[in-house]
Number of protein chains: 4
Amino acid sequence: MSKNKIIDAAIKLFSKLGYHRTSMDDIAAEANVAKGTLYYHFSGKGELFETIVTNGINMLKSEVQNVLREDQSAEQQVRLIVQKHIELFLRYNELIHIISNELTNGIEPDILERIGKLKADYIAFLSGILSMGYEDGVLNKFNSEWIAAGLLGLIETSCLYYIKQPGSHSVEQLHETINAFVLPALLKKDG
Amino acid sequence: MSKNKIIDAAIKLFSKLGYHRTSMDDIAAEANVAKGTLYYHFSGKGELFETIVTNGINMLKSEVQNVLREDQSAEQQVRLIVQKHIELFLRYNELIHIISNELTNGIEPDILERIGKLKADYIAFLSGILSMGYEDGVLNKFNSEWIAAGLLGLIETSCLYYIKQPGSHSVEQLHETINAFVLPALLKKDG
Amino acid sequence: MSKNKIIDAAIKLFSKLGYHRTSMDDIAAEANVAKGTLYYHFSGKGELFETIVTNGINMLKSEVQNVLREDQSAEQQVRLIVQKHIELFLRYNELIHIISNELTNGIEPDILERIGKLKADYIAFLSGILSMGYEDGVLNKFNSEWIAAGLLGLIETSCLYYIKQPGSHSVEQLHETINAFVLPALLKKDG
Amino acid sequence: MSKNKIIDAAIKLFSKLGYHRTSMDDIAAEANVAKGTLYYHFSGKGELFETIVTNGINMLKSEVQNVLREDQSAEQQVRLIVQKHIELFLRYNELIHIISNELTNGIEPDILERIGKLKADYIAFLSGILSMGYEDGVLNKFNSEWIAAGLLGLIETSCLYYIKQPGSHSVEQLHETINAFVLPALLKKDG
DNA sequence: TATGAATGAGCATTCATTCAT
DNA sequence: AATGAATGAATGCTCATTCAT
């Protein structure tokens, strides 16, 4: 189906080139459809972009939710969240890159706002999980949102840095390092 | 002097609009010079951008170096690094945003490479300080580079999240939260 | 029936937006049919437009013919023609606007020619009536065609001007003014 | 100078093809300049069009004003106005065509409004002259505006009709016919 | 040093039309 | 008789860059 071909091509190109350097011609060529077809399925470049980002965020959220279960301890949940995010950020690093970096300027304000809300929701979702586990800890509501945001920034930056390196280290080492950095703070005791 | 007017205008506009949305016309108008003058002083948009980013990174580095002194303990240095970065990221958040986000795509590859090197140097510089303080700790060289990168990502994301909020919390609370998150891991004991 | 729905939609939109600003998509949407259906019933946009204009001119002609009767004096006929045209131009001003303005450019030449002929026929028809009444007057054949054309231009422009005004004057005043202007010239002695 | 070449080309093409069928590419080609040059001198197609129409209306007005003198009788002035308009409409018929027909749809509303005001001013100017000469006559203020509008419509349509004909009649005959039609109504006595 | 008119490749978008079903 | 997904040429516009002065 044309629509899916377009979405796949757009993810690929937006990731590689960013929003502004990706032209609708590029996308059409990559998707092997005529340029007009893009506009049959999407109202414009902005909507196409929004679709991809929205899908991406929802996918991330559901992947994370899938590994969390009610019967897990708070500590297990925190460990799983960190682990799953590293895994997702490595696997979908191009999509992640779109979601975190391309969302600031030069895109229609209303689209930006809707996506911003989605991202805030996602952080609130993570923050909720952290808070739950730490009701008896030092972190309170507002703190935990900053922590959640910072945690994502940390994992993303580390993963990006890892990817850029010429494969000199293993994924396990990345997990270890991030865990060693992050868990001591998130978990009340231990490091 | 025209050149300085151009640089000031470019910083302002690149920060506000990003690389692609800032046009040479905009910069010329903001600097109150004719468009041709830009090309008299810089070979093109890319070089102008590179100049600004290079200046920015050097400024950050020297600001951080200025607060570090030989007679400080490792712990003091780590605390100062974190504190100073929060301060700088809040103050120069637009410039920071350029440095971290606008540098991935759509700029001439050679420029990108040079700037990438500068950034790597900066991370190596931070990593060096961390390593020094932890020669007796668990972190080793490769770990500390990831940590340095992750630390910057964390601080930047948290600050960005802080800035976006409608002023509901104080800067002090931001410092406290980030410290509470980061220091337990970086410093051998304590939280 | 689809065809009628299409014609109705097309009249409405061509009148409101003109030929070029009316898209086949618009027409299909307004008519509640699929886009392909337009091309089932009409060979293209041009033919659809021609159908509407032809229908419109024929309608005008028959409306005018309906008020003219053999037993009327020449003066009566002239008065009726003027009066009826004002009435029609006010009622169908959007259609009139298409017929007089949209027919000069940007439409396939052969369509343009056929419609042009229709318009010339209409003017000849009016001219014939005027001539008949003035066989004993000063106006001769070629004069009366110019007069007929001019008369239509005058009535249209006046009506358009009247319509654009914020309802400050009555239709009666419009009739009076146009009559006061036009009849003295058309009728041998005053009006 | 490029700007003049562009204006000349635009007048020619807008007249021949109308607003929508004239592309900026066409204009650039006709003017022998690069496409970008159009946008260096004009903000867009709309402004280019507005410039031409505004210039045209002002030119017409000043040409008409130039033949009117204080010491002329009202009758002389009316005769001169009619005569001058016929002359102008024949000479600048393409420009006239733009001014009267292309101003209804599909052009930015604000441009349309400004041009509409200019046209209304022009009609008010003519209406003023007519009124002055008829202070003792039957026409009053609102009447004279309609008359002015209608007069222009009449002259334009007649001239257009004249132009379309295969040169079978002389300009003198056109003047005579229009005068014979128009003067009886405008001038209190006589024909 | 500095200017600004001119350029032309590139871009997002529109839209009449086709065709397999 | 009717559909709607797909097309691709055309269009208005942007913008980094050049160059004669």
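Chain letters run A, B, ... following the sequence lines, proteins first and then strands; every chain starts at 1.
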### Query
Over how many whole Å does the gap from E47(B) atom CD to dA16(F) atom P extend?
15 Å

### Query
Has the side chain of T37(A) got a donor or acceptor atom that lies under 3.5 Å from a matching backbone atom of A34(A)?
yes

### Query
Is there side-chain contact between I52(D) and L95(D), with at least one heavy-atom pair below 4.5 Å?
yes

### Task
Could you check how far CD1 of I107(D) sits from C1' of dG12(F), rounded to whole Å?
15 Å

#### Entry: Whether F14(A) and Y19(A) hold their rings parallel, tilted or perpendicular, with breakpoints at 30° and 60°
parallel

### Pairing pattern in dot-bracket form [Watson-Crick, G-U; both distances under 3.5 Å; | = partner strand] for DNA chain F
.||||||||||||||||||||

### Message
If I compare all heavy atoms of H41(B) with all of E47(B), which pair ends up nearest, and what's the gap?
### Response
O-OE2, 4.2 Å

### Query
Can any side-chain N or O of D26(B) pair as donor or acceptor with the backbone N or O of S23(B) at less than 3.5 Å?
yes

### Task
Find the distance F49(A):CZ to dA12(E):C1' and express it as a whole number of Å.
16 Å

### Message
Expressed as a whole number of angstroms, how long is the span from F42(B):CZ to dT1(E):P?
### Response
12 Å

### Message
Please report the distance, rounded to the nearest Å, between CE in M24(B) and C1' in dT18(F).
### Response
12 Å

### Message
Ignoring hydrogens, what is the shortest heavy-atom contact between Y122(B) and K61(B)? Give both atom names and the distance.
### Response
CE1-CA, 3.6 Å

### Message
Going by salt bridge (charged side-chain N to carboxylate O under 4.0 Å, His left out), name the pairs with one or both residues in residues 48-58 of chain D, residues two or more places apart or in two chains.
### Response
E50(D)-R114(D)

### Message
Quick check: on DNA chain F, is the nucleotide nearest T22(B) upstream (toward 5') of the one nearest S23(D), or the reverse? Name the residue that is more 5'.
### Response
S23(D)

### Query
Given atom CG of L13(A) and atom C1' of dA12(E), what is their separation to the nearest angstrom?
16 Å

#### Entry: Heavy-atom closest contact (L38(B) atom, V33(B) atom, distance)
CD2-CG2, 4.1 Å

### Query
Any side-chain heavy-atom pair from F42(C) and I7(C) closer than 4.5 angstrom?
yes

### Query
When you check the phosphate oxygens OP1 and OP2 of dT14(E), does a side-chain N or O of Y39(A) lie under 4.0 Å from one of them?
no

### Query
R21(B) has an atom CZ; how far is it from atom C1' of dA16(F), in whole Å?
16 Å

### Message
In whole Å, I'd like the distance from the CD1 atom of I27(B) to the P atom of dT17(F).
### Response
11 Å

### Summary
Of dT17(E), dG12(F), dT17(F), the nucleotide closest to the side chain of K45(B) is dT17(F)

With the criterion being N/O to N/O and under 3.5 Å, what pairs connect the protein with nucleotides 6-9 of chain F, and how long is each?
{"unit_1": "dA6(F)", "atom_1": "OP1", "unit_2": "S2(A)", "atom_2": "OG", "d": "3.1"}
{"unit_1": "dA6(F)", "atom_1": "OP2", "unit_2": "H41(A)", "atom_2": "NE2", "d": "2.4"}
{"unit_1": "dT7(F)", "atom_1": "OP2", "unit_2": "A34(A)", "atom_2": "N", "d": "3.1"}
{"unit_1": "dT7(F)", "atom_1": "OP2", "unit_2": "T37(A)", "atom_2": "OG1", "d": "2.4"}
{"unit_1": "dG8(F)", "atom_1": "N7", "unit_2": "G36(A)", "atom_2": "N", "d": "3.2"}

